[in-house]
Every structure is written in structure tokens, then in C-alpha cells.
2 protein chains.
Amino acid sequence: MSEEQARSGSLAHRVPELGALELLLAVARLGSLGAAARELGITQPAASSRLRSMERQLGVALVDRSPRGSRLTDAGALVTDWARQVVAAAEVFDAGAQALRATRDSRLRVAASMTIAEYLLPGWLLALRAGRPDTAVSLLAGNSAKVAELLLAGEADLGFVEGLTVPAGLDSAVIAHDRLTVVTAPAHPWARRPRPLTTAELAATPLILRERGSGTRQVLDAALGAPARPLIELSSTTAVKAAVISGAGPAVLSELAVGEELATRRLIGISVDGVPLRRDLRAVWPTGHRPTGPARELLSLTRG
Amino acid sequence: MSEEQARSGSLAHRVPELGALELLLAVARLGSLGAAARELGITQPAASSRLRSMERQLGVALVDRSPRGSRLTDAGALVTDWARQVVAAAEVFDAGAQALRATRDSRLRVAASMTIAEYLLPGWLLALRAGRPDTAVSLLAGNSAKVAELLLAGEADLGFVEGLTVPAGLDSAVIAHDRLTVVTAPAHPWARRPRPLTTAELAATPLILRERGSGTRQVLDAALGAPARPLIELSSTTAVKAAVISGAGPAVLSELAVGEELATRRLIGISVDGVPLRRDLRAVWPTGHRPTGPARELLSLTRG
DNA sequence: ATGGGGACATAAGGTGGTCTTATGAGCGAA
DNA sequence: TTCGCTCATAAGACCACCTTATGTCCCCAT
């Protein structure tokens with residue numbers, strides 16, 4: 001993700017900043033530079049200049065201007081679609097960051113395991129905001145034990161965990177499933193195997209693993225019927241991914257965590273015969289205290 | 001995607017700019033502010049100040065500084081993961097934009113249909129760049145006929161199309177599949193149906209459609225056995241999505257186009273009984289002229 | 001035909017953010 | 001103790017962006 005692009009300045013020098021991308025989206029939607037400027041709360045000359053420098057930066061004409069409005073060029077339509085992806089990722093970032101900031105005085109306090117906080121919760125928060133714009137949500141992340149502790153101490157209203165078991169004292173509802181996937185670097189011999197790996201082969205191979213106690217590792221041990229053999233133990237999903245990409249060896253990771261890498265083929269998913277590497281994602285709350293109000297609202301968004 | 005966040009300044013005011021996010025990723029990876037600064041080609045004080053303003057902007061401490069290095073805080077780890085998603089989207093943007101710019105003097109000229117150019121090609125280009133950093137790729141987007149025309153005129157080396165049929169004069173290889181999905185707004189009655197829609201129901205319902213001649217619409221007509229009934233006809237996938245979200249009615253769209261909306265539940269996918277809404281995505285080239293060199297390289301990345 | 005109003009472009013000037021250089025302070029190892 | 005690494009702070013330069021003010025083009029309505 002990082003070396004060869006230093007060649008001509010970093011990403012930030014080649015990709016317009018978020019404000020410019022938002023402007024482009026607004027122009028595409030409204031069909032007018034001036035109208036887009038008004039929506040963003042800037043003046044029309046500012047929008048004009050900003051769009052022009054974006055076109056200069058990209059070396060592509062994005063918008064056809066005319067005395068009666070502006071329309072995207074063909075290239076502009078493509079760029080706008082890519083820009084939409086960047087803005088969507090920024091919205092996820094924003095939703096998450098807002099929840100982290102508002103640790104105090106929030107109407108809904110959520111505790112979640114890392115994987116859920118990372119990949120799913122911001123999306124739910126965006127959906128929640130769309131329906132109930134005034135709900136301030138705060139987010140605390142930790143492992144299952146930490147989530148349980150926060151809920152039982154009354155410091156969180158709703159929790160999300162991903163382990164095999166539900167911590168004592170909590171009721172739960174399964175809200176989704178998550179498959180674990182065996183992944184390797186594209187150059188790894190497994191990436192060219194004609195047929196699925198067997199459970200025995202997987203169990204016999206040293207793997208790059210998260211530290212003992214992580215939810216992913218629990219599920220893996222259970223599925224293999226024996227503790228997985230560690231090649232290295234690392235402390236974050238990200239570190240594991242980096243190690244796999246660099247060719248250190250295979251790993252078993254959540255589908256959620258490797259979606260993008262599989263799509264861009266930096267990682268290759270290896271199919272495995274007969275291992276049910278599936279785990280439940282659950283919402284949890286103190287026994288008897290069924291979620292109400294905003295917590296109930298959020299819960300209903302996660303079903304499916 | 002757009003109204004309620006105007007409340008406290010636009011996204012660009014609440015999300016750090018790309019350079020700051022890249023800095024955060026570098027700090028996370030290298031464990032040192034100064035080392036991250038060197039990697040990005042800026043001075044250490046600049047990195048220090050930039051990181052500090054990001055923390056002020058977000059209202060969250062991201063990094064624990066010490067005289068012998070810096071480590072992410074718990075919140076910092078989450079923010080870094082969200083930042084990684086934004087940066088990844090920016091890399092896709094950049095890969096696409098570079099290909100659009102380099103319309104002349106490129107070693108590999110690719111012509112692709114809109115859906116492929118939008119959702120898949122930038123990822124392939126990133127993977128290609130990782131393996132062959134010096135391959136300049138140019139991209140031309142258009143419908144199947146346009147792709148065929150460019151290939152036959154020798155103005156493109158490799159094409160990608162998504163229709164049901166392969167244009168005359170071209171050889172092809174199926175590289176992936178794409179499922180079409182019926183989608184509605186969450187409030188639509190279909191979203192709460194206990195069981196799958198029947199083909200007949202779908203065929204009898206007026207739908208929001210792309211204009212006649214689009215690849216998506218061809219496949220839909222074929223699957224229904226009769227032309228779909230239009231409720232409105234719109235000119236871009238994005239416009240169709242916006243109409244569905246606003247509650248205008250159901251639509252049938254590529255899985256690729258609605259992945260994010262389904263995940264955040266702004267759209268609901270409706271299952272349909274017995275309609276094979278599947279289409280092939282194909283690489284194409286002039287009959288006899290098998291792809292060689294960079295084209296062959298790119299093609300091999302798309303398999304799977 | 002002719003003015004009004006919408007569209008976008010251009011010019012000139014202010015402002016703020018972000019970079020640089022220069023320096024200081026804490027900690028650990030030789 | 002001294003060197004090397006870490007990060008922080010201060011002062012100044014610079015640049016990018018925004019605003020205000022104006023000009024041009026085109027369409028429509030009077």
C-alpha cells in the first residue's frame with residue numbers, strides 16, 4: 001500500500017481533497033456550479049476555481065460548462081463515481097469518530113468488540129443517523145469480557161460481541177454471521193492449488209495468528225478440533241494482514257477484514273473442505289434489561 | 001447521503017484531509033512520528049503539528065507519545081482502521097484517475113463498460129501496479145458497441161464488457177460473474193415480505209430502470225422473458241439508486257453497484273424465486289489477437 | 001428588440017493554515 | 001557524561017483558498 005507511489009508525491013498530492021470531491025458530487029447532482037456552491041456554503045467563484053484546480057490536478061476535464069448549467073463529461077461521470085466511494089468511506093470515518101468523541105453525555109452508549117466496531121458499527125450509526133438524526137451515540141471498544149463488564153456496570157446500554165459463547169449475565173440475539181477465511185499472499189503455493197485444503201492440512205500448518213484470547217482464534221481452535229499452531233503471534237488484525245501480504249505465511253481472518261484485499265488480489269482466499277469457519281455476531285445486554293429507546297432502534301437496524 | 005450533516009459544517013471540516021490520514025497510518029506502522037515524517041517527505045515538527053491538529057479536530061487522543069516512540073491508543077487503533085478505508089478508496093480513485101489521464105502514449109490501452117470501469121478496473125490497476133509498477137495504462141469507457149469499435153480500430157488493446165452477447169469480431173473469456181439484485185427502500189412493502197418474490201410479480205411491477213440499451217436492462221428483459229415495465233427511466237446507475245432510496249419504487253441493479261448501500265441498509269435486497277439474474281463479465285479482444293505483454297498480465301489478474 | 005436573470009470566468013486582495021528552520025527537553029545506551 | 005533517539009515549541013515564510021467586485025454569454029420574457 002505504500003512504496004511505489006512515493007515516486008510522484010504522496011496520494012494526498014494526486015487525489016483532490018474531500019471538499020473538492022464533495023463539490024464534484026454536488027455539481028453532478030444539481031447540474032450547476034453555483035447551486036453546488038450554495039449548498040456547500042461557499043461562493044460561486046470559489047466553486048469555479050476549486051473545480052478548475054481539480055481538473056488541472058487530474059489532467060482531465062470533468063464538467064462541461066455552458067451558460068445554462070454544467071454537466072459531467074464521460075470521464076467526469078467515472079471520476080464522480082470513484083469520488084463517491086471516497087466520500088462514503090469518509091462518512092464512515094466521521095460516524096465512527098463522532099461516536100468515539102462523545103464518550104460522555106450520550107443517549108446511547110454502545111460497547112463493541114474490535115471487529116464489529118471496525119467494520120460494521122459505523123455503517124449502522126450512519127443508518128441510525130439517517131432515521132434519528134439527534135441521537136448522540138458513544139462507542140467503547142474492547143474484547144468480550146470488557147463489553148460484558150461495561151454492560152453489567154451500567155456503563156453501556158448495548159453491546160456487540162463475536163465470540164463462540166455469550167458472557168454470563170447477558171442475554172443475546174444473533175444479528176449476523178461472519179465467515180473466517182484462509183488467506184495467503186498471491187505467490188504462496190496454496191494460491192495455485194487445484195482443490196480445497198483439508199482440515200488436517202490446515203491444522204498441521206503453522207499460521208500467522210492474533211494473540212491467544214482473540215475471538216477469531218477461539219473459533220479457529222474449535223473448528224480445527226485442536227489449538228492452531230502459531231508461526232507468529234501478532235496483536236492486531238492489520239499486522240496479521242501485513243505479514244500475510246509480505247509472504248510470511250497463511251492466516252485465518254474474518255471475511256469482513258479481508259474483503260478489500262481479496263477484491264484487489266493482494267490476498268488470495270483459499271477454500272477449505274468441511275471446516276465450518278462460521279461464527280455468530282451477537283448483540284448483548286444485561287439479562288432481563290431488554291433494549292429500549294435508541295438501543296432498540298439501533299438493534300433493529302442490525303437485523304439481517 | 002447529504003442533508004443532515006450540513007448541520008455542523010461539511011464532511012471536509014470534520015474528517016482530516018488525506019495527508020493527515022496517511023500520516024496516521026505511517027505512524028501506526030512505523031511506531032515513530034519522526035520516521036513517519038521522513039517517509040512522507042516532511043519534517044518532524046510538521047508531522048507533530050499535523051497529528052496534533054487531527055487529534056484536536058476529532059476530539060480524541062490517537063497516539064501515546066513517549067521519548068522512545070509512539071504507539072496508537074485504543075481509540076487511535078480504531079480511527080486508524082477507518083482511515084485505512086478512506087485511504088484505500090483514495091487509492092482506487094487515484095488508480096482510475098491516472099488511467100483516465102494517460103489517454104495517449106500508454107503501453108496498455110483498456111476499453112471497458114461503465115460498470116466494470118467503475119467498480120472493478122481500478123482495483124485491477126492497483127494490483128497491476130504492484131506487480132509491474134512501470135506499466136502506464138489508459139482507460140476508455142463506453143458501452144459494448146463502443147468497446148468493440150475501439151478494439152477493432154486498434155485503439156484499445158483489451159476490452160471488458162458485461163452484456164449477454166459477445167460483439168462480432170471479438171474473442172472473449174469469462175472473468176467473473178455479476179448478480180443482479182432487486183432492491184427497494186427500507187420502507188417499501190417488499191422489504192418486509194416473508195417470502196421471495198415470484199418472477200411474475202417482478203415482471204408485473206413497474207420498475208425504475210436505466211435507459212433502453214443498457215447491459216443491465218438487457219439481462220433483466222431476458223430473465224423476465226418479456227420487456228420490463230418502466231416506472232421511470234434514468235441515465236445513470238447512481239440516479240437509479242437515488243430514486244430507489246427516495247422511495248420512488250423498486251429497481252434491479254448490479255450487486256457491485258449496491259454493495260455499500262445494502263451493508264448500511266439504505267437499500268434492502270429482495271430475493272426472487274427462480275430468476276437467474278446472473279450475467280457474465282468478459283474480457284474481449286479482436287479475434288485471433290490473443291492478449292500479450294501487459295494486456296496478458298492484466299488479464300491474468302482478473303481471473304477468479 | 002431589449003432588458004433581466006441565470007449561468008460561469010476573471011481579477012485583486014485578505015486570511016489562515018501548514019510548512020520550514022532553529023532550538024529545547026526527556027530518556028536510554030555506550 | 002555524552003551521544004542518539006524521541007517529541008515539543010517558537011518564529012517566520014509561503015501558498016492555497018476564499019471573498020468581493022466585475023465582465024461575458026445566453027436564454028427568456030416583456
Side-chain angles (χ1 to χ4, degrees), chain A residues 6 8-73 76 80 83, chain B residues 6 8-73 76 80 83:
Chain A
S8 95
S10 67
L11 211 50
H13 294 143
R14 288 175 299 163
V15 177
E17 57 176 295
L18 277 171
L21 299 182
E22 284 189 283
L23 173 63
L24 179 61
L25 296 188
V27 171
R29 183 157 35 84
L30 300 171
S32 151
L33 251 168
R38 279 193 297 280
E39 179 172 287
L40 298 186
I42 60 178
T43 59
Q44 171 266 318
S48 177
S49 141
R50 200 160 199 184
L51 193 60
R52 190 166 297 281
S53 38
M54 177 161 45
E55 289 179 315
R56 191 162 27 82
Q57 179 181 22
L58 298 178
V60 174
L62 302 173
V63 169
D64 272 335
R65 293 125 170 114
S66 89
R68 59 191 181 292
S70 296
R71 277 183 50 81
L72 293 178
T73 62
T80 302
Chain B
S8 96
S10 68
L11 210 50
H13 295 143
R14 288 176 299 162
V15 176
E17 58 176 296
L18 277 171
L21 299 182
E22 283 189 283
L23 173 63
L24 179 62
L25 296 188
V27 171
R29 182 157 37 83
L30 300 170
S32 154
L33 249 167
R38 280 192 296 280
E39 179 170 287
L40 298 187
I42 60 177
T43 60
Q44 172 268 318
S48 178
S49 139
R50 199 159 199 186
L51 192 60
R52 190 165 297 280
S53 37
M54 177 161 44
E55 287 178 316
R56 190 162 27 82
Q57 179 180 21
L58 298 178
V60 174
L62 302 173
V63 168
D64 272 334
R65 294 126 170 112
S66 89
R68 58 191 181 291
S70 295
R71 276 182 50 80
L72 293 178
T73 62
T80 302

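Below, read A as the first sequence line, B as the second, and so on, with proteins coming before strands; counting in each chain starts at 1. In this text, all values refer to a predicted model and were calculated from it rather than measured experimentally.
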What is the distance, to the nearest angstrom, from the [atom1] atom on [X] to the [atom2] atom on [N]?
X: A:Arg38; N: D:dC18; atom1: CZ; atom2: P; result: 17 Å
X: B:Ile42; N: C:dT21; atom1: CD1; atom2: C1'; result: 15 Å
X: A:Leu23; N: D:dC18; atom1: CG; atom2: C1'; result: 13 Å
X: A:Leu40; N: D:dC17; atom1: CG; atom2: P; result: 15 Å
X: A:Asp64; N: C:dA7; atom1: CG; atom2: P; result: 17 Å
X: B:Leu51; N: D:dC7; atom1: CG; atom2: P; result: 10 Å
X: B:Glu55; N: D:dC7; atom1: CD; atom2: P; result: 12 Å
X: A:His13; N: C:dC19; atom1: NE2; atom2: P; result: 9 Å

Looking at A:Glu55 and A:Arg65, does any basic side-chain N land under 4.0 Å from a carboxylate oxygen? yes
A:Arg50 bridged to A:Glu22 by N-O distance under 4.0 Å: no
5' priority, DNA chain D, between A:Thr43 and B:Ser70 [closest heavy atom]: B:Ser70
Distances for protein N/O vs nucleotides 16-18 of chain C N/O pairs under 3.5 angstrom?
none

Residue-phosphate contact under 4.0 Å: A:Ser32 side-chain N/O, C:dC8 OP1/OP2: yes
Ignoring backbone atoms, establish whether A:Arg52 has a side-chain N or O less than 4.0 Å from OP1 or OP2 of C:dA9. yes
When only distance counts, do a donor and an acceptor, one from the side chain of A:Gln44 and one from the base of C:dA7, lie under 3.5 Å apart? no
Do [X] and [Y] have side-chain heavy atoms sitting under 4.5 Å apart?
X: B:Leu30; Y: B:Glu39; value: yes
X: A:Pro16; Y: A:Leu58; value: yes
X: B:Met54; Y: B:Leu62; value: yes
X: B:Val63; Y: B:Thr73; value: no
X: A:Leu72; Y: A:Leu24; value: yes

One character per nucleotide, please: for nucleotides 25-30 of chain D, 5' to 3', B when the base has a protein heavy atom closer than 4.0 Å, S when only the sugar-phosphate does, - otherwise. BSS---
B:Pro45 side chain, from C-beta outward: closest of D:dC7, C:dA9, C:dT21: C:dT21
Minimum heavy-atom separation for A:Val27 to A:Ser70, with atom names? CG1-CB, 4.5 Å
Write down the atom of A:Thr43, the atom of A:Ala37, and the distance for their closest heavy-atom approach. O-CB, 3.5 Å
